[in-house]
Each structure stands twice: as structure tokens, then as C-alpha cells.
Amino acid sequence: MATVTENLHSALHARHQAVMPDWLATYYSEPIEITHGQGRHVWDAEGNRYLDFFGGILTTMTAHALPEVTAAITEQAGKILHSSTLYLSRQTVDLAERIARLSGIPDARVFFTTSGTEANDTALLLATAYRGSNQVLALRNSYHGRSFTSIGITGNSAWSPTSLSPLQTLYVHGGVRSRGPYAHLDDAAFTAACVEDLEDILGQANGSVAALIAEPIQGVGGFTSGPDGLLAAFKRVLDRHGILWITDEVQTGWGRTGDHFWGWQAHDQAGPPDILTFAKGIGNGMSMGGVVARAEVMNCLTANSISTFGGSPITTAGALANLTYLVDHDLQGNARRVGGLLKSRLEAISAALPIVREVRGRGLMLGLELVEPDTGEPSAQAASLVLEAAREYGLLIGKGGRAGNALRIAPPLTLSVAEAEEGASALADALRQTQDKLAGGRS
């Protein structure tokens, strides 16, 4: 039976390679087919069970097969799946009202999209139209999507396949705290140096700048971030020039960081952002994204525009149920408590492992930077080996970073203490196995 299953799996992989693009990445030397999930666990086509610490790239926010979400989607599917924004939709308005209130942006308007990439595209359209400029500030090491426009503001070269862009992008420091020319500074001096860099770049800009777009914690970049308050310091400079602040909350939103509902709230000393983008977790797997902006900015477009699939009845029904469950069960608080325990456990494990340079992040958005123990240089090989080994131990994690050397840990926000311990133990075994393997290779 195992041989039959393996043959079917090999055949599926071969078909995938024959019809999908060569640049479409898959995890693992032998990619797995995930067939179903429950809670924080998923199963592959061979019947193997895994603790899911990546949630489909931070998308399964509450749980796999959450009954409340499944019921809402099923009920809506029995009524109507689609209508488009040309018609009124009660659940779309209900969801928009809730998100507007939660956003912290005054007089907020909400536009729904089908992904985070599309949300960031829309935010850039709004900002450039409102300001009459195609100049955009972005952080080094950033990632904002895979469309032509969003690639043009992506500072992570590993995810930027072309230098062509409709935008002129000016990159500033601040996304990575522990590497680079300011790494040796304390938080206050680091922030001051990044602000000075921002001021210097603005002095060289050719006319007005439309916006700064920034992830409060850089997702694909390896869960890196500047000190709390850095973006607030940036905003004080932006406000003097009339430049908009776009916060990319595609990965940091909905309480994942534990301390705050939105990532920008770690930088709220200067007030809320002008534009907020979201996606991933709100749909819990459904294709959902969106933009929140103050009315003056959202309403600046003068041409007609609609969305065929944004805010469809079935996605908004699922998202409403998902958001309601998250708020009613205080999953932000759970992310803070369980995430804090998990981070402490990972720090203790890593203290004895030279392969781990840093444990970082907050809440249930944690990263481990892996390096060559002898040199401290980033090690993509180590990250790939740990990814494979963790799977062997029944744990799914992600990886990222500009050098591909960061492990990304982002389980559903319902993660229990026991599951956090289970995952930490599996990851510890995978890290030790990898360190021993690399050490053996050098001897």
C-alpha cells in the first residue's frame, strides 16, 4: 500500500513540475500534499500528521476547520457565492464596519481585495494619486507582494525578479535591527540614525514623495523589525512633508504579535497611519484582503473602479465568523501568553546551539536566524536542513530572510501551551540534528 501511495505522490509531483512554472517554489526535497486539517494539525496524502507552525504562510489565523467558520461558509454557499461590488452585500458592509472601527484610522473607508498583493497595489494607487507622485519610500529587506507594482517596492532582492517598475523607490534603513551599519547602536541611537537617513534621502528626492510603506515586522524578510517607536519617529518627519504612511499589516495584523492588534500600534506615538493594508489571517484560508484609509485619501480616485471578487459574499461571511471568533476568544491575548512562553523556550534551546544567531519576533510571529557557527555568516543550508528535519519530527515551519537563513514560526493563534512545548521540542531536535550534520561535514 505504501508503494502505491508513494507512486501516486511521485506522479502528482511530476505533473506539477510539468505544468507549473519553474520559479514556483515548493518546500521539501519531496514536496507534500496536505489533504486536511483540524485545529493546529494537518495531514498529508500519506496519512502523516504534522503540527502546523506556519499556517499556510500566516494565513490559518484561528484554526484549521474551525467549526464556526466552516458553518458560515457552508450556509452562505447554499445561498449565493458571488455578486461583485456592483450590488449591495450585507455581510460585506458588516465586515467593513468592524474593520474600520478596529483599524484606529479616523473616518475610515474600507476596500476589499482578494490578496495582500492586491491590497498593497491599491494602497500605492491611492497614495500616488492623492500626492500626484510616483516616488515611494520603502524599507530595505522588505516584501510587499508579487505583482509588478509591489515588486517595485520590495527591498528583499531574493524576491525581486526585475528592476523595472512604474514607481521610483527610495529605500531607507530600519527594517533590520541586528545587522547593518547601525546594529551596534542602542535603540534610541538606532532610531535617530534611521531618521537622519530618512531626512537625507528626502533631501535628495526629485520633488514630492507619495508615501512610506513599511511592514511593522518584516515577514518574508525573516521576521525582522526596528525598535518600537521607529515608525512613529518616521511619521513625524513624513507629516512635515505631507507624505502618507502605509502600514502593511498583511502578516502582522489581527493580534498575531500579541502585544497589539495591529503591528503599527507598537509605533503609535505619532498617531495612526494614513493607509492600512490587510489580508491572510482575516480569511483563515479564504482569499481575502483589503485596504483601510481615511476618507479623504480613499475617495481621491476620479475614474470608475469596482472589484469583481473583492468582498464576495462567501469570503466576507467566512471572515466575519473568523474575526468574531478571534475577538470573542481573545486570541490576541493567547498569542501574547503562549507566544511569550514559546519564545522563552526557543531562547533556552538556542543558547547552547551556535547555529542559532538570534531568536526574534513577538507573540506568535517568531523567527530564528541561522548562521555558520565558525563565521557567523548567514546559512541558507542550515535553514533548509532544519526545515527538512522538522518535518521528519512532525512539525511544519517556514523560512525566509534575504539570505534564506531565517526560520519562520507562525502557528494558528489558538495554539495551546502543550502544543507550543511539542513544537519547541521537535524544533530543538531538528536544530541539534542539523548542527551535528554540519559539524560532521566540516570535520
Between Ser178 and Arg357: side-chain donor-acceptor atoms closer than 3.5 Å: yes
Glu388 side-chain N/O to Ser29 backbone N/O, donor-acceptor pair under 3.5 Å: yes
Between Ser350 and Glu347: side-chain donor-acceptor atoms closer than 3.5 Å: no
pair Leu346-Lys343: side-chain heavy atoms closer than 4.5 Å: no
Working for side-chain contact (heavy atoms from CB on, under 4.5 Å), residues Leu413 and Asn334: CA-CA 7 Å; Leu413 303 189; Asn334 192 64; 5.6 Å; no
Residues Arg360 and Thr224: side-chain donor-acceptor under 3.5 angstrom: no
Ring pair (Phe, Tyr, Trp, His ring centres under 6.0 Å) partners of His13, counting only residues at least two apart: none
Side-chain (Thr169) to main-chain (Gly152) donor-acceptor, under 3.5 angstrom: yes
Minimum side-chain heavy-atom gap Asp268-His260 below 4.5 Å: no
Test item: side-chain donor near acceptor, Ser425 and Arg345, under 3.5 Å: yes
Worked verdict on Asp94 versus Thr316 for side-chain contact (heavy atoms from CB on, under 4.5 Å): CA-CA 9 Å; Asp94 288 343; Thr316 49; over 6 Å; no
Set of residues satisfying salt bridge (charged side-chain N to carboxylate O under 4.0 Å, His left out) with respect to Arg140, sequence neighbours excluded: none
Distance, nearest 0.5 Å, that separates NE2 of His64 from OG1 of Thr70: 11.5 Å
Exceeds 12 heavy-atom contacts within 6.0 angstrom, atom CZ of Arg40: yes
Donor-acceptor pair, side chain of Arg109 and main chain of Ala100, under 3.5 angstrom: no
Smallest separation among heavy atoms of Leu185 and Ala193, with atom names: CD1-CB, 4.0 Å
For the student: nearest non-hydrogen atoms of Thr62 and Tyr325, plus distance: CG2-CD2, 4.2 Å
Min side-chain heavy-atom separation Val291-Met298 under 4.5 Å: yes
Backbone N/O of Ser115 and side chain of Thr113: donor-acceptor pair under 3.5 Å: yes
Short side-chain to backbone donor-acceptor contact, Asn141 and Gly221, under 3.5 Å: yes
Which atom of Ile243 lies closest to which atom of Leu212, heavy atoms considered: CG2-N, 3.9 Å
Within-4.5 Å side-chain heavy-atom neighbours: Pro272 and Ser103: no
Any side-chain donor near an acceptor of the partner, Asn120 and Ser150, under 3.5 Å: no
Polar side-chain atom of Asn48 near backbone of Gly394 as donor-acceptor pair, under 3.5 Å: no
Residues in side-chain contact (heavy atoms from CB on, under 4.5 Å) contact with Ala65, at least two apart in sequence or another chain: Gln38
Donor + acceptor pair across side chains of Glu419, Ser416 (<3.5 Å): yes
Over all atoms of both residues, closest heavy-atom pair of Thr315 and Gly311: OG1-C, 4.0 Å
Gap between atom CD1 of Ile282 and atom CZ of Phe112 - 0.5 Å precision: 8.0 Å
Arg236 atom CZ, neighbour heavy-atom count above 12 within 6.0 Å: yes
Over all atoms of both residues, closest heavy-atom pair of Gly361 and Leu366: C-CD2, 3.8 Å
Test applied, side chain to side chain contact (heavy atoms under 4.5 Å, CB included); reference residue, Ile355; option that passes from Thr434, Asp436, Leu385: Thr434
Distance (rounded to the nearest 0.5 Å) between Arg362 CZ and Thr252 OG1: 10.5 Å
Heavy-atom donor-acceptor pair, Tyr171 side chain to Thr154 backbone, under 3.5 Å: yes
Steps toward salt bridge (Lys or Arg N to Asp or Glu O under 4.0 Å) verdict (Arg336, Asp259): CA-CA 6 Å; Arg336 181 177 62 252; Asp259 293 334; 5.2 Å; no
Heavy-atom neighbours of Trp43 CH2 exceed 12 at 6.0 Å: yes
Taking every non-hydrogen atom, the tightest pair across Ala232 and His267: CB-O, 3.1 Å
Side-chain donor or acceptor of Asn284 paired with backbone N/O of Ala63 under 3.5 Å: yes
Exceeds 12 heavy-atom contacts within 6.0 angstrom, atom CD of Glu196: no
Proximity of Trp262 and Phe278 rings by center, below 6.0 Å: no
Intermediate values then yes/no, side-chain contact (heavy atoms from CB on, under 4.5 Å), Leu427 and Val386: CA-CA 8 Å; Leu427 187 55; Val386 173; 3.8 Å; yes
Flag if over 12 foreign heavy atoms under 6.0 Å of CG, Leu341: yes
Leu231 and Thr247, any side-chain heavy atoms less than 4.5 Å apart: no
Passing option when Asp274 is tested against Val292, Leu244, Leu126 for side chain to side chain contact (heavy atoms under 4.5 Å, CB included): Leu244
Flag for His173-Asp197: side-chain donor and acceptor within less than 3.5 Å: no
Within-4.5 Å side-chain heavy-atom neighbours: Ile314 and Met286: yes
Atom CD of Glu75: over 12 foreign heavy atoms under 6.0 Å: no
Check: Gln332 side chain, Gly258 main-chain N or O, donor-acceptor pair, under 3.5 Å: yes
Beyond-backbone contact of Ile397 with Tyr27, side-chain heavy atoms, under 4.5 angstrom: no
N/O donor-acceptor pair under 3.5 Å between Asn322 side chain and Gly281 backbone: yes
Asp121/Phe148 under side-chain contact (heavy atoms from CB on, under 4.5 Å): CA gap, chis, key distance, verdict: CA-CA 9 Å; Asp121 267 350; Phe148 185 53; over 6 Å; no
Value rounded to 0.5 Å, distance of CD in Gln91 from OG in Ser312: 8.5 Å
Check: Leu66 and Thr414 side chains under 4.5 Å, non-hydrogen atoms: no
Sidechain N-carboxylate O distance under 4.0 Å for Arg432, Asp429: yes
Gap separating the CD atom of Glu215 from the CD atom of Glu249, nearest 0.5 angstrom: 10.0 Å
From CZ (Phe223) to CD (Gln251), nearest 0.5 Å: 5.5 Å
